[in-house]
Amino acid sequence: MSRRRWMLQTAPLLVLGPLAHRSVIAQPDAAAVRLNAALQAFSQGRPITAAQDRLSIEIDALVENGNSVPVRIRAVSPMTPEDHVQRMLLLAPRNPQPQVALFHLGPYSGRAEVATRFRMAESQTLIALAAHSDGRIFRAQAEVIVTLAACLEN
Amino acid sequence: MNRAVVRLPETFKLGEVIEVTAMASHPMETGYRTGDDGRIVPRHILSELRCDFDGQLVFRMELSPAITANPWVAFPLRVDRAGLLSLTWTDDRGQAFREQIPLQPR
């Protein structure tokens, strides 16, 4: 290959390379945007406190079948009329839609604990939120590895 | 036709907190899947489960496409009196079905 031809072939790469790279960086992470929207919709701007001792996600760290993943969310609360959990939210940020389920509870619940089964599109860190009657919102996380993800395409 | 199974502890005392488990038959079609004809299968999910006890709303769940087919849920309830437990599932097309069980604490 002549030196001139080499220059002609690589020059566009030199020019476009940095631009292509920049456009990738500038692209907002769609999953992060969706997650922020879900957090905002739940908290309505109130502060969210990370507190694994006030809220826990019970789930296997390694899941074989992403099509049916059992999960249990448990908050610490006396569940009295004066002091109770009103809402609990489960988020799977790397699913096509982060919100998995929103639960509405009250003093008549007696315990702040719910369980369900859901689909996971890929391995990810799940987030649970609990909104208490006094306005506090607690957050817990759980990292889950999925061997066989829930099939989205088919 | 939709069917649902609601399970309760065999016996419970007045004032006891019990766990109600419920499963409804439903495909929970996500709306992300392609059918045999190559087209997207339209979303069709149960979007809400509400539970009333003796006429009072005591639990509500908003479901998303991430919930499995034949949605299963467990939730707590303090049984402070005898009364009718009523679970109502509603899908995203406005169709609803109901399962009712009388609660009799011993």
Side-chain angles (χ1 to χ4, degrees), chain A residues 34 38 41-42 58 63 65-75 77-81 84-122 124 126 146 149-154, chain B residues 7 12-24 27-41 43 45-81 83 85 103:
Chain A
R34 285 195 296 265
F42 184 83
E58 287 176 22
V63 167
N65 181 6
N67 276 305
S68 181
V69 185
V71 63
R72 185 171 284 266
I73 308 165
R74 205 188 295 248
S77 168
M79 295 304 271
T80 59
H84 57 268
V85 172
Q86 293 174 326
R87 292 175 298 141
M88 288 173 125
L89 177 70
L90 179 64
L91 298 171
R94 311 284 324 166
N95 274 11
Q97 193 180 308
Q99 179 160 325
V100 174
L102 175 60
F103 304 92
H104 299 263
L105 304 170
Y108 31 76
S109 299
R111 270 198 305 262
E113 183 183 333
V114 291
T116 191
R117 293 176 193 148
F118 71 108
R119 300 165 170 146
M120 286 182 70
E122 57 183 280
Q124 55 188 301
L126 302 173
V146 183
C151 31
L152 294 175
E153 303 308 326
N154 239 342
Chain B
R7 300 205 139 194
F12 42 89
K13 297 188 186 79
L14 194 70
E16 193 176 326
V17 177
I18 62 167
E19 186 167 78
V20 180
T21 65
M23 189 163 82
M28 292 297 278
E29 197 57 67
T30 60
Y32 298 113
R33 222 166 51 88
T34 311
D36 294 336
D37 58 359
R39 293 182 180 183
I40 295 283
V41 183
R43 175 171 297 183
I45 63 163
L46 291 174
S47 48
E48 190 198 58
L49 164 63
R50 68 170 283 157
C51 177
D52 296 89
F53 177 50
D54 198 24
Q56 186 196 5
L57 176 69
V58 290
F59 174 76
R60 201 161 71 81
M61 175 183 183
E62 294 174 44
L63 295 80
S64 82
I67 298 296
T68 54
N70 304 323
W72 179 90
V73 63
F75 60 91
L77 175 68
R78 177 177 280 131
V79 187
D80 54 4
R81 56 188 182 273
L85 188 73
L103 293 192

Taking B:Thr68 for the side chain and A:Phe118 for the main chain, is one N or O donor matched with an acceptor at less than 3.5 Å?
no
Restricting to side chain to side chain contact (heavy atoms under 4.5 Å, CB included), what partner residues turn up for A:Ala38, sequence neighbours left out?
A:Leu91, A:Pro98
List for me each residue that meets side chain to side chain contact (heavy atoms under 4.5 Å, CB included) alongside B:Pro27, sequence neighbours excluded, and say none if there are none.
none
Nearest 0.5 Å, please: how far is [atom2] in [Y] from [atom1] in [X]?
{"X": "A:Arg119", "Y": "B:Ile67", "atom1": "CZ", "atom2": "CD1", "result": "9.0 Å"}
{"X": "B:Glu19", "Y": "A:Arg72", "atom1": "CD", "atom2": "CZ", "result": "4.0 Å"}
{"X": "A:His104", "Y": "B:Leu49", "atom1": "NE2", "atom2": "CG", "result": "11.0 Å"}

Part of A:Ala92 lying under 4.5 Å from any heavy atom of chain B:
neither
Pick one of side chain, backbone, both or neither for A:Met79, based on which atoms fall under 4.5 Å of a heavy atom in chain B.
backbone
Closest heavy-atom pair, A:Pro96 versus B:Tyr32, reported as atoms and distance to 0.1 Å, is CB-CZ, 3.5 Å
Heaviest contributor of heavy-atom pairs below 4.5 Å to chain A, chosen from B:Ile18, B:Val73, B:Val41, is B:Val73
Name the member of A:Ser109, A:Pro107, A:Ser68 that forms the most heavy-atom pairs with chain B at distances under 4.5 Å.
A:Ser109
Return the option, out of A:Val114, A:Leu102, A:Leu90, with the maximum number of heavy-atom pairs under 4.5 Å with chain B.
A:Leu102
Can you pull out the residues in residues 53-66 of chain B with any heavy atom less than 4.5 Å from chain A?
B:Gln56, B:Leu57, B:Val58, B:Phe59, B:Arg60, B:Met61, B:Glu62, B:Leu63, B:Ser64, B:Pro65, B:Ala66
How would you list, by chain and number, every residue that makes a salt bridge (Lys or Arg N to Asp or Glu O under 4.0 Å) with A:Arg74, sequence neighbours excluded?
A:Glu58, A:Glu113
